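These notes are about the structure you will find just below.
Keep in mind that this is a model prediction, so the values were computed, not measured.
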Amino acid sequence: MTLKDCKPGSRVVIKKIHGQGMTKRRIMDMGLTKGCEIFVRKVAPLGDPIEIQVRSYELSIRKADAEMIEVA
């Protein structure tokens, strides 16, 4: 399951980040790393962006980036 598939109000843990190079580095620089717990706060009506809470701050990410984050 990916972060894109998560419903608002769910808590998940990052298992793996797919992607390569600068894209993967940008996701990791935002604090999204393996083993990190995420709370999905809101999803926009068309699914883009997704608002999450991670490491005591809120973050909005694009659906394309959320698709690269494998969660459990």
Side-chain angles (χ1 to χ4, degrees):
M1 178 165 90
T2 64
L3 185 58
K4 182 186 98 171
D5 304 323
C6 295
K7 304 292 181 204
S10 60
R11 288 190 183 275
V12 293
V13 175
I14 297 176
K15 292 296 177 191
K16 185 174 183 178
I17 298 175
H18 300 280
Q20 296 180 15
M22 295 300 290
T23 306
K24 185 174 182 177
R25 170 56 52 193
R26 184 172 44 83
I27 291 171
M28 293 176 70
D29 286 345
M30 289 188 282
L32 301 171
T33 56
K34 184 178 176 182
C36 184
E37 184 178 303
I38 296 175
F39 176 68
V40 181
R41 295 182 52 86
K42 297 179 196 173
V43 177
L46 297 176
D48 201 16
I50 300 169
E51 187 177 313
I52 61 173
Q53 185 172 3
V54 58
R55 299 183 191 266
S56 74
Y57 66 92
E58 294 177 2
L59 179 66
S60 291
I61 61 171
R62 298 182 304 208
K63 188 167 45 172
D65 292 340
E67 201 168 28
M68 293 185 219
I69 303 170
E70 186 178 322
V71 296

Contacts of E58 that satisfy salt bridge (charged side-chain N to carboxylate O under 4.0 Å, His left out) - sequence neighbours left out: R41
Can you check whether K34 reaches I17 side chain to side chain, under 4.5 Å on heavy atoms? no
Distance in Å, T23 OG1 paired with H18 NE2, rounded so as to fall on 0.5 Å steps: 14.0 Å
If we only count heavy atoms from C-beta on, is the I61 to I27 side-chain gap below 4.5 Å? no
Is the closest side-chain heavy-atom distance between P49 and K63 below 4.5 Å? no
Restricting to non-hydrogen atoms, name the atom on R55 and the atom on T33 that form the minimum distance, rounded to 0.1 Å. NH2-OG1, 2.6 Å
When rounded to the nearest 0.5 angstrom, what is the spacing between SG in C6 and CD1 in I38? 8.0 Å
For residues 10-23, the salt bridge (charged side-chain N to carboxylate O under 4.0 Å, His left out) pairs (sequence neighbours left out) are R11-E37
Indicate the atoms forming the closest heavy-atom contact of V71 with I14, along with that distance. CG1-CA, 4.2 Å
Would you sort out whether I52 and L32 count as a side-chain contact (heavy atoms from CB on, under 4.5 Å), showing the intermediate values? CA-CA 11 Å; I52 61 173; L32 301 171; 3.9 Å; yes
Look at atom CZ of R26 and say whether more than 12 heavy atoms of other residues, nucleotides or ligands are closer to it than 6.0 Å. yes
Any link between I69 and M28 through a network of hydrophobic side chains (Ile, Leu, Val, Met, Phe, Trp, Tyr) touching at under 4.5 Å? yes
List in chain and number order the residues that pass side-chain contact (heavy atoms from CB on, under 4.5 Å) with P8, two or more places apart in sequence or in another chain; answer none if no residue qualifies. V43
Going by heavy atoms in the side chains, are C36 and V54 under 4.5 Å from each other? yes
What heavy-atom pair brings M68 and G19 nearest, and what distance separates the two atoms? SD-CA, 4.1 Å
To the nearest 0.5 angstrom, please state how far the CD atom of E67 sits from the CZ atom of R62. 12.0 Å
If you measure from CG on D29 to NZ on K24, what distance do you get to the nearest 0.5 Å? 12.5 Å
Would you call I50 and V40 a side-chain contact if the rule is heavy atoms closer than 4.5 Å? yes
